[in-house]
Amino acid sequence: MKRIAILGPIPRDHIVTHQGDLIQKWGCVTHPVIALSIMAGDQIEIVPVSHLRQVDLDNVVEVFNGYTGINLKHITTRYDQGDIISLRFIDMNNRLERQTGFMDPITPEDVKKLLDCQVFVFIPISDYEISLETLKFLKKKSKGTIIFDAHGPTTACLINGERMRKFWIDRDQWLPYIDVLKMNLEEAHASWFKKEYESQDFSETPDVDRDNLREFATHCLDHGVKCVYITVDSRGCLVYYRLRGKLVEEMVPAVKVENVIDTTGCGDSFAGGIGFGLLQKPRDYIGAARYGNALGALRTQGKTFAVFKSLDETNQIIRETYSG
């Protein structure tokens, strides 16, 4: 049976949506793990890798109770540390964040028994949660595909608990150990920086500058990354990879939704969808993007994990969206 590891925090989230609703739930890793379980839990083994506070362990285990295909042996409380986060959405895509609890980093020790996984999906939400040594270890010891979400290295937690966007200055030290790099537009803006800035440059709002994004993606591919995904909100996802030495750039349109209820976990779900797609067909980057778009869109449709669908239903959504 194929195995996929989902690595990152399981934060206790306090969320105020853009519609003013209060939601309290466990986030990040829970979204793709449960999405994949509902979709294909009888066909694959899903391994969440995370660190928790001891007081939260039973509640997190209960969240996964009843879902098939999930191996919980790699959720630990060794240092009794875990993420606690408050999110207040200003609109559907932008939010104010504060963090009051902090997971200890995932290290090579956490993955040494998972080297036979075909896919590793890293979804850090802050810059300290994944050790670079962990990626180096997997690159050396495992043949699995390493998917990495840039949300982590482009997000810092300040001394007052505020979570703020930051430049990924040491980016090129990480790129050789990443097979698939995933990010949103804002994170791409924080990952591709100038040699020098004027004061007014910092107030710029990132937009879809295709030339600039193509230059950034090419840089990543030149440094060892095999595919770059950049999500551009409701428009879809830009995909960059090389085919027979030539750059391929394709916009994979988003799966349309009528009413967005809660966007928390959309990026995590998208990463899980990519992981599932590449678990089936390791070089089908466009097909994987379609699974990512489908799971990300489904995540917006409610406040619980009931939004996710079976594999047949998910494939039907993909056919209806992309058959034309």
Side-chain angles (χ1 to χ4, degrees), residues 8-9 18 83 85-99 102 105 122-133 135-136 147-242 247 249 251 263 266-268 270-271:
H18 69 287
D83 284 0
I85 295 178
S86 297
L87 306 173
R88 180 177 293 274
F89 280 83
I90 302 169
D91 54 39
M92 284 192 298
N93 299 309
N94 298 291
R95 62 200 187 190
L96 302 176
E97 305 184 15
R98 185 173 295 274
Q99 186 163 346
F102 314 95
F122 287 90
I123 46 175
I125 59 174
S126 299
D127 57 2
Y128 63 87
E129 290 166 340
I130 306 298
S131 163
L132 176 56
E133 294 305 313
L135 299 193
K136 290 182 177 180
I147 301 170
F148 190 80
D149 192 330
H151 187 72
T154 60
T155 304
C157 186
L158 307 186
I159 193 67
N160 64 357
E162 288 186 42
R163 292 168 51 77
M164 302 295 291
R165 185 70 59 225
K166 74 177 190 68
F167 286 122
W168 189 6
I169 301 298
D170 63 344
R171 171 202 62 217
D172 289 355
Q173 295 179 37
W174 291 72
L175 293 181
Y177 307 99
I178 296 169
D179 295 311
V180 175
L181 181 60
K182 173 262 175 189
M183 63 187 67
N184 63 26
L185 191 59
E186 186 180 17
E187 291 151 7
H189 188 66
S191 299
W192 190 236
F193 38 84
K194 300 179 182 181
K195 299 293 185 182
E196 182 179 355
Y197 284 83
E198 301 293 337
S199 296
Q200 63 269 20
D201 293 338
F202 293 114
S203 63
E204 294 179 0
T205 301
D207 199 359
V208 183
D209 182 335
R210 293 287 286 267
D211 292 337
N212 196 42
L213 294 177
R214 186 181 306 112
E215 184 180 0
F216 166 60
T218 299
H219 176 88
C220 294
L221 298 176
D222 287 343
H223 281 72
V225 178
K226 296 181 177 66
C227 181
V228 177
Y229 293 98
I230 302 176
T231 59
V232 286
D233 302 329
S234 60
R235 288 162 284 193
C237 174
L238 285 164
V239 185
Y240 302 88
Y241 61 97
R242 286 199 173 105
L247 178 69
E249 174 185 351
M251 173 71 86
T263 60
C266 286
D268 304 321
F270 178 91

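On a predicted model such as this, the values are computed, not experimentally measured, just so you know. When reading the values below, keep in mind they use all heavy atoms of this one structure, side chains included, and skip hydrogens, waters and symmetry mates.
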Measure the spacing between [atom1] of [X] and [atom2] of [Y] and express it to the nearest 0.5 Å.
{"X": "Cys237", "Y": "Phe270", "atom1": "SG", "atom2": "CZ", "result": "3.5 Å"}
{"X": "Trp192", "Y": "His189", "atom1": "CH2", "atom2": "NE2", "result": "13.0 Å"}
{"X": "Leu158", "Y": "Met164", "atom1": "CG", "atom2": "CE", "result": "6.5 Å"}
{"X": "Thr231", "Y": "Leu238", "atom1": "OG1", "atom2": "CG", "result": "9.0 Å"}
{"X": "Leu181", "Y": "His223", "atom1": "CG", "atom2": "NE2", "result": "12.5 Å"}
{"X": "Leu135", "Y": "Ile130", "atom1": "CG", "atom2": "CD1", "result": "7.5 Å"}

| task | Tell me, with the steps shown, if Arg163 and Asp127 meet salt bridge (Lys or Arg N to Asp or Glu O under 4.0 Å). | result | CA-CA 10 Å; Arg163 292 168 51 77; Asp127 57 2; over 6 Å; no
Taking every non-hydrogen atom, the tightest pair across [X] and [Y]:
{"X": "Thr154", "Y": "Ser191", "value": "CG2-OG, 3.6 Å"}
{"X": "Gln99", "Y": "Cys157", "value": "CB-SG, 3.7 Å"}
{"X": "Arg235", "Y": "Met251", "value": "O-SD, 4.3 Å"}
{"X": "Val232", "Y": "Leu185", "value": "CG1-CD1, 4.2 Å"}
{"X": "Ala156", "Y": "Lys166", "value": "CB-CD, 3.6 Å"}
{"X": "Ala271", "Y": "Ile123", "value": "CB-CG2, 3.7 Å"}

| said: If only side-chain N and O atoms count, and only distance matters, is there a donor-acceptor pair under 3.5 Å linking Arg171 with His219? | reply: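 The answer is yes; a qualifying pair exists.
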| message | When you compare the side chains of Asn184 and Glu187, does any donor N or O come within less than 3.5 Å of an acceptor on the partner? | response | yes
Please examine the side chains of [Y] and [X], heavy atoms only from C-beta on, and report whether any two atoms are closer than 4.5 Å.
{"X": "Trp174", "Y": "Pro153", "result": "no"}
{"X": "Val239", "Y": "Tyr241", "result": "yes"}
{"X": "Ile125", "Y": "Asp83", "result": "yes"}
{"X": "Thr218", "Y": "Leu247", "result": "yes"}
{"X": "Pro9", "Y": "Glu129", "result": "yes"}
{"X": "Tyr240", "Y": "Leu213", "result": "yes"}
{"X": "Glu186", "Y": "Arg165", "result": "yes"}

| request: Just do the side-chain contact (heavy atoms from CB on, under 4.5 Å) check on Lys226 and Leu221 with the steps written out, would you? | output: CA-CA 6 Å; Lys226 296 181 177 66; Leu221 298 176; 5.7 Å; no
[X] side-chain N/O to [Y] backbone N/O, donor-acceptor pair under 3.5 Å:
{"X": "Ser126", "Y": "Tyr128", "value": "no"}
{"X": "Lys136", "Y": "Tyr177", "value": "no"}
{"X": "Arg98", "Y": "Asn160", "value": "yes"}

| query | Where does the angle between the aromatic ring planes of Phe122 and Phe148 fall among parallel (under 30°), tilted (30 to 60°) and perpendicular (over 60°)? | reply |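 Correct class here is tilted.
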| query | Below 4.0 angstrom, N of the basic side chain to O of the carboxylate: do Asp268 and Lys182 qualify? | reply | no
| request: Output yes when Glu97 and Arg88 qualify as a salt bridge under the 4.0 Å nitrogen-oxygen rule, no when they do not. | output: no
| request: Taking the six-membered ring for Trp and the full ring for Phe, Tyr or His, determine whether the centres of Phe216 and Phe193 are under 6.0 Å apart. | output: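 Judged by ring-centre distance (under 6.0 Å), Phe216 and Phe193 do not meet the cut-off.
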| task | Starting from the C-alpha separation in whole Å, work towards a yes-or-no answer on side-chain contact (heavy atoms from CB on, under 4.5 Å) for Leu96 and Ile90. | result | CA-CA 7 Å; Leu96 302 176; Ile90 302 169; 3.9 Å; yes
| task | May I have the step-by-step check of side-chain contact (heavy atoms from CB on, under 4.5 Å) for Ile178 and Val180, ending in yes or no? | result | CA-CA 6 Å; Ile178 296 169; Val180 175; 5.6 Å; no
